[in-house]
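Some notes on the structure that comes next.
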There are 2 protein chains.
Amino acid sequence: MTPSARGDLFDPACPTRRLLDRIGTKWTSMTVKILAEAAPDEVRFADLRRRIPGVSQKMLSVTLQSLVRDGLVSRRVEATVPPRVHYRLTPLGASLESALAVLRTWAEEHMADVDQANQESER
Amino acid sequence: MTPSARGDLFDPACPTRRLLDRIGTKWTSMTVKILAEAAPDEVRFADLRRRIPGVSQKMLSVTLQSLVRDGLVSRRVEATVPPRVHYRLTPLGASLESALAVLRTWAEEHMADVDQANQESER
DNA sequence: CCGTATCCACGATGATACTG
DNA sequence: CAGTATCATCGTGGATACGG
């Protein structure tokens with residue numbers, strides 16, 4: 001068996017898995033949400049950092065880079081000193097936000113049920 | 001600062017984060033999908049394992065335990081030798097499936113765009 | 001057949017310090 | 001201000017073996 005055979009066999013057929021790998025990372029959904037709320041305005045790096053409690057500079061940078069690479073977010077640099085960098089959802093990112101909004105609604109409506117189920121399991 | 005202060009400060013207010021932590025695990029969405037397609041019928045452990053390519057016995061077990069604890073899946077044991085264990089989506093699990101279906105649709109419609117954006121970034 | 005226990009590898013995240 | 005580099009850490013997932 002080739003080294004890649006086991007891992008590649010079922011993955012390519014599952015775009016959902018790949019989507020979840022992206023939005024499942026710790027800071028992605030919050031970042032997208034903030035950018036969506038600000039849209040169509042841009043948001044600066046420092047603003048994002050302030051509005052995402054607990055995110056480190058590195059992880060916000062990594063998260064935004066991924067979103068930009070994926071075409072979900074656009075990046076604009078003001079060539080000043082010091083530089084200002086602005087981020088904004090692309091149309092593709094905005095369409096993802098719609099899907100994420102459905103998840104948020106479900107979470108707000110039903111996570112209490114999930115919590116209750118967990119408490120009942122403990123007994 | 002109390003030991004829990006940093007981690008607890010922003011988490012409780014975010015049910016979405018907690019939902020993503022659950023459905024973001026590697027095998028959860030596929031398991032829910034298969035159980036949803038079979039509903040209202042039950043599916044046996046061995047059947048699930050066969051229908052989820054690449055899942056290990058341990059991870060399927062862990063995944064199902066989580067789903068049961070969360071009240072999303074019900075578990076029924078046939079007291080035979082050897083035992084047979086059957087799983088089925090609960091109504092709560094079925095409602096989650098509706099939300100996941102939205103994600104799947106987005107993935108199927110748009111992950112190609114994401115892939116293309118990545119290819120263009122490489123250049 | 002189904003589940004658990006153990007050990008281990010790897011990636012994601014975080015702390016910190018440094019650069020343009 | 002924004003981003004990069006480095007190192008340490010932790011959780012997830014996988015291999016394997018064993019138990020009920």
Side-chain angles (χ1 to χ4, degrees), chain A residues 1 3-11 14 17-18 20-31 35 42-69 73-88 121, chain B residues 1 3-11 14 17-18 20-31 42-69 73-88:
Chain A
M1 189 184 301
S4 63
R6 196 182 59 243
D8 290 358
L9 222 48
F10 50 98
D11 216 4
C14 189
R17 170 80 260 127
R18 289 163 52 233
L20 284 170
D21 284 343
R22 289 155 200 270
I23 67 176
T25 60
K26 194 167 183 178
W27 306 108
T28 301
S29 62
M30 178 123 339
T31 303
L35 290 174
E42 298 174 312
V43 184
R44 291 185 52 192
F45 185 92
D47 286 335
L48 280 168
R49 191 170 176 197
R50 268 189 293 275
R51 296 173 62 179
I52 304 177
V55 72
S56 66
Q57 191 175 36
K58 171 190 161 183
M59 287 317 298
L60 181 56
S61 180
V62 168
T63 300
L64 287 167
Q65 281 172 19
S66 297
L67 289 169
V68 170
R69 263 202 321 276
V73 167
S74 63
R75 180 180 186 271
R76 181 174 70 85
V77 181
E78 256 185 275
T80 57
V81 178
R84 297 178 175 192
V85 185
H86 305 259
Y87 294 91
R88 177 165 48 181
S121 299
Chain B
M1 191 184 299
S4 63
R6 195 182 61 244
D8 290 358
L9 222 47
F10 51 98
D11 216 3
C14 189
R17 170 80 258 125
R18 289 163 52 233
L20 284 170
D21 284 342
R22 290 156 199 270
I23 66 176
T25 60
K26 193 167 183 179
W27 306 107
T28 301
S29 62
M30 177 121 342
T31 303
E42 298 174 312
V43 183
R44 289 185 53 191
F45 185 92
D47 286 335
L48 280 168
R49 192 172 176 195
R50 269 190 292 274
R51 295 173 63 179
I52 304 178
V55 72
S56 66
Q57 190 175 38
K58 170 190 161 184
M59 287 317 297
L60 180 56
S61 180
V62 167
T63 300
L64 287 167
Q65 281 173 19
S66 298
L67 289 169
V68 170
R69 264 202 320 277
V73 167
S74 63
R75 180 180 188 269
R76 181 174 71 84
V77 181
E78 255 185 277
T80 56
V81 178
R84 297 178 176 193
V85 187
H86 305 259
Y87 295 91
R88 176 165 48 181

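Below, all heavy atoms of this structure are taken into account, side chains as well, without hydrogens, waters or symmetry copies. Chain A is the first sequence line, chain B the second, and so forth, proteins listed ahead of strands; every chain is numbered from 1.
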Those residues at least two apart in sequence (or on a different chain) that pass salt bridge (charged side-chain N to carboxylate O under 4.0 Å, His left out) with B:R69 are none

Taken to the nearest 0.5 Å, the spacing of B:S61 OG from B:L48 CG works out to 11.5 Å

Taken in chain and number order and not counting sequence neighbours, the residues that satisfy side chain to side chain donor-acceptor pair (under 3.5 Å) with B:R84 are none

Would you indicate, yes or no, if C:dT13 has its OP1 or OP2 atom less than 4.0 angstrom from a side-chain nitrogen or oxygen of A:S56?
no

Rounded to whole Å, the CZ-C1' distance (A:R22 to C:dG11) equals 16 Å

Those residues at least two apart in sequence (or on a different chain) that pass side chain to side chain donor-acceptor pair (under 3.5 Å) with B:R22 are B:D70

- Applying salt bridge (Lys or Arg N to Asp or Glu O under 4.0 Å), run through A:D21 and A:R18 and close with a yes or a no. CA-CA 5 Å; A:D21 284 343; A:R18 289 163 52 233; over 6 Å; no

- Query: Quick one: is C:dC2 close enough that its OP1 or OP2 comes under 4.0 Å of any side-chain N or O from B:Y87?
  - Reply: no

When rounded to whole Å, the CG to P distance for the pair B:L60 and C:dG3 reads 8 Å

Whole-Å distance, A:Q57 CD to C:dT19 P, equals 15 Å

>> Whether B:R44 contacts C:dC2 is assessed here as follows: a side-chain N or O lying under 4.0 Å from the phosphate OP1 or OP2. Is that the case?
In response: yes

Which part of the nucleic acid, if any, lies within contact of A:Q65, taking any heavy atom under 4.0 Å across all strands shown: a base, the sugar-phosphate backbone alone, or nothing?
sugar-phosphate

Identify each donor-acceptor pair in which a side-chain atom of residues 51-58 of chain B lies under 3.5 Å from a protein atom, sequence neighbours left out, and give them as a table.
unit_1, atom_1, unit_2, atom_2, d
B:S56, OG, B:M59, N, 3.1

Here the gap from B:R76 atom CZ to B:R44 atom CZ, rounded to the nearest 0.5 Å, amounts to 10.5 Å

One should read off an interatomic distance between B:T63 OG1 and B:Y87 OH, to the nearest 0.5 angstrom, of 10.5 Å

Whole-Å distance, A:L67 CG to D:dG3 P, equals 13 Å

In whole angstroms, the gap separating C1' of C:dG3 from CZ of B:R69 amounts to 14 Å

With sugar-phosphate taken as primed atoms, P, OP1 and OP2 and all else as base, the protein-contact string of nucleotides 5-13 of chain D at under 4.0 Å (heavy atoms; B, S, -) is -B------B

Taken to the nearest 0.5 Å, the spacing of A:R49 CZ from A:L64 CG works out to 12.0 Å

Here the residues of residues 74-83 of chain A within 4.0 Å heavy-atom distance, strictly under, of DNA chain C are A:P83

